[in-house]
Protein chains: 2
Amino acid sequence: MTKPTPPDPRRTLTLRDVSEASGVSEMTVSRVLRNRGDVSETTRERVLQAARRLGYVPNKIAGALASQRVNLVGVIIPSMSNMVFPEVMMGISETLEDTGLQPVVGITNYLPEREESVLYEMLSWRPSGVIIAGLEHTEAARAMLETAGIPIVEIMDIDGDPVDSAVGISHRRAGLQMAEAIIAAGYRRIGFLGTKMPDDHRARKRLEGFREGLGRAGITLADEEYYAGGSALQKGREMTEAILTRTPDLDFLYYSNDMIGAGGLLWCLAQGIDVPGRLGLAGFNGVELLDGLPRRLATMDACRREIGIHAAEIIAGKRPSGVIGGERIELFPTLQPGDTIRKA
Amino acid sequence: MTKPTPPDPRRTLTLRDVSEASGVSEMTVSRVLRNRGDVSETTRERVLQAARRLGYVPNKIAGALASQRVNLVGVIIPSMSNMVFPEVMMGISETLEDTGLQPVVGITNYLPEREESVLYEMLSWRPSGVIIAGLEHTEAARAMLETAGIPIVEIMDIDGDPVDSAVGISHRRAGLQMAEAIIAAGYRRIGFLGTKMPDDHRARKRLEGFREGLGRAGITLADEEYYAGGSALQKGREMTEAILTRTPDLDFLYYSNDMIGAGGLLWCLAQGIDVPGRLGLAGFNGVELLDGLPRRLATMDACRREIGIHAAEIIAGKRPSGVIGGERIELFPTLQPGDTIRKA
DNA sequence: GACAATCCTGATAGCGCTAACATTAGCAGG
DNA sequence: CCTGCTAATGTTAGCGCTATCAGGATTGTC
């Protein structure tokens, strides 16, 4: 007869180990570790001590399978590199903090197929909810979202038709409002500088709205310039130089984000261009990062943190409304005129 | 007699559903979906079609439990807001891409207890490996890392004693080198500007190394200034003004990161201070974000992307060395003198 | 003292999948 | 037509936990 269980120190611990070490059933250990059900103070203490001594770390995989409950929330965003999504994340984390839910992030790089595969991967872990940027998805992705049977919140944008809930701003309106403000300030020869990103639908909608705003005043864009990749600040300089060289009589430049706008602003200041007198500038996003620039760029904040907060509230089921799903929350960005638009 | 299984459309699908829909056993379906084992082309096609038609998404929780294999790699970092960790993440993602492994990020905000709980949470999902920033952890965290039985890579820093593998630079040496360069350029009255962060051990080590470098030349720091929170660019301006007001004869400012350094640089330029003649400046990190500034700040890049790449290679077991664990990879940052240090 | 109520603990049966082995089909060679 | 193989598929037994229900103590009530 051999020893029944040669105690292998390398094997990872299970409930059984803690149960044996503390002389109670696995079930009781489980109860103690999850603070569920009544357990006497004595056994609770004994179990906790054993668990600590052994260095037991519960296996959530097994737990999730058995309980059909997963404390994870999938968050799918296009990028992490431009401060806008990190801020959304902060709103989400902060709100989820006291709910026991934990965000898990996936990055798509603005690629629809990548979004689809990231979503598939996430859903295969059966999260309690999904927060996903944008309203445009592949057909398959949309189908997955619809049949997942969990709360879905599409964020950032509300110009479209959400699968379930949506929290965001109208980028069309944001563009339109900016156009109105620019025209009201008396600018007429207007250029646009943006990214080459067919799948950045929000940037596209802002430009559409912007064009419409100009159109209402009988104006069309005088010139456009696009970039891809590289340091945004640097690109902003280069593009600004390029567009002003090509079309010197421009009196306003609308940038699709604050970072290239800041690059443009620095370039203009270095050239001694009179901003906002001779040339006005505006960006989009209101990134705090840039607060220390010599002059404040006109911009429009995208309510990033609030979006994160509301989205997380919906997932966590702590909306005041008590509504269960299909919410649609529109936030309204405010124009921050800064120092780069003439006072009307 | 009633229908055996009233087909509930709301229930989430399992292998059994696909198996019934395609007329083969669950095992065969499993094999098809994982591309494992021999399956005839005909059944493979039939199964895939059924899975697609039903919109089946496998349950990785069950899969992981059964196979004792999880394709997740935990990545624990202090912050996402200052571009340094996003770049590390890119290196990691890129390297993990073709390995089937998937990074899952946890943020600690430089709080040791938070690091401990994030680690505990992560380990409870039994990842295939953990990449964690820094060499300093709570006692409990270190114990968990040691007994987890998976590859651990501590990144960013190598001035210390790793649990398993480590990839990083010597921040002590980085600070020391910068001190040497500054002294060689003839600066003597040197100020330091940094963050109030007792748990940012890397910043601390840089400062220690910097002090030592100065000390070797018989110099001590002439003044110091610290901040917490807020827009780094903005804080850089404010702190620079403050320190120069207090100690006007400083001829060099060493910033603990590029962002506050950039703020300082912009402020100095606006004040018309002769940089680098009258006053030299240097930061740390080499953030590409700032490439478009009017003048390039002297800095030292921290090899962020490379660190991510190497760490991921270790986890994925694709190091050329073939070594299995306990690797120690030191990278060497290069000084980028930029335009804010006098040529010696 | 019988009975119910309350508290605490344990036994049992899965959760949805995969490892490992068992079985069957298909086919070449004698 | 049987043996001996390989290729394709199926069967069985868990993975480590938790939901659920079933007790055994202990207490209180009439």
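Reminder, nothing fancy here: chain letters follow the sequence lines and each chain counts from 1. Since we're looking at a predicted model, the values are computed, not measured.
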On the nucleotide [N], are OP1 or OP2 found under 4.0 Å from the side-chain N or O atoms that [X] carries?
X	N	answer
A/T28	C/dG10	yes
B/S40	D/dA7	no
A/S30	D/dT18	yes
B/Y56	C/dG16	no
B/Q68	C/dC17	no
A/R34	D/dA19	yes
B/S67	C/dT18	no
A/R44	C/dC8	no

Select one nucleotide: of C/dC17, D/dA19, D/dT11, the one nearest the side-chain heavy atoms of B/S25.
D/dT11
Which nucleotide, D/dG10, C/dA11, C/dC17, lies nearest any side-chain atom of B/V24?
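Among the listed nucleotides, the one closest to the side chain of B/V24 is D/dG10.
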Could A/R142 and A/D161 be called an ion pair, given the rule that one side-chain N must be under 4.0 Å from one carboxylate O?
yes
Looking only at non-hydrogen atoms, find the nearest pair between A/P151 and A/I315 and report the distance.
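Closest heavy-atom pair between A/P151 and A/I315: O-CD1, 3.7 Å.
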Are B/L145 and B/D164 side-chain neighbours, meaning at least one heavy-atom pair lies under 4.5 Å?
no
Carefully, step by step, assess B/N71 and A/E121 under the rule side chain to side chain donor-acceptor pair (under 3.5 Å).
CA-CA 11 Å; B/N71 69 335; A/E121 175 77 14; 3.2 Å; yes
Whole-Å gap separating [atom2] ([N]) and [atom1] ([X]):
X	N	atom1	atom2	answer
A/W125	C/dC15	CH2	C1'	15 Å
A/D38	C/dA5	CG	C1'	14 Å
A/L33	D/dA19	CG	P	13 Å
B/I61	C/dT18	CD1	C1'	15 Å
A/M27	D/dT20	CE	C1'	9 Å
B/R36	D/dT9	CZ	P	18 Å
A/N71	D/dC17	CG	C1'	15 Å
A/E26	C/dT9	CD	C1'	13 Å

Nearest-nucleotide comparison on DNA chain D, the residue closer to the 5′ end among A/T14 and B/T43:
B/T43
Between B/R46 and B/A62, who's closer to the 5' end of DNA chain D by nearest nucleotide?
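Residue closer to the 5' terminus by nearest nucleotide: B/R46.
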Does any N or O donor sit under 3.5 Å from an N or O acceptor when you compare the side chain of B/R126 with the base of D/dG16?
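Absent.
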Please indicate whether A/R34 has more than 12 foreign heavy atoms, meaning atoms of other residues, nucleotides or ligands, lying under 6.0 Å from its CZ.
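Correct, the count exceeds 12.
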Applying a 4.0 Å non-hydrogen cut-off, can you work out what B/R31 is touching in the nucleic acid: base, sugar-phosphate, or nothing?
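The residue B/R31 makes base contact.
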Which part of the nucleic acid does A/N59 contact within heavy-atom distance under 4.0 Å: base, sugar-phosphate only, or nothing?
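Counting heavy atoms under 4.0 Å across all strands, the contact made by A/N59 is with sugar-phosphate only.
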Would B/E116 and B/H137 count as having a side-chain donor-acceptor pair, cut-off 3.5 Å?
no
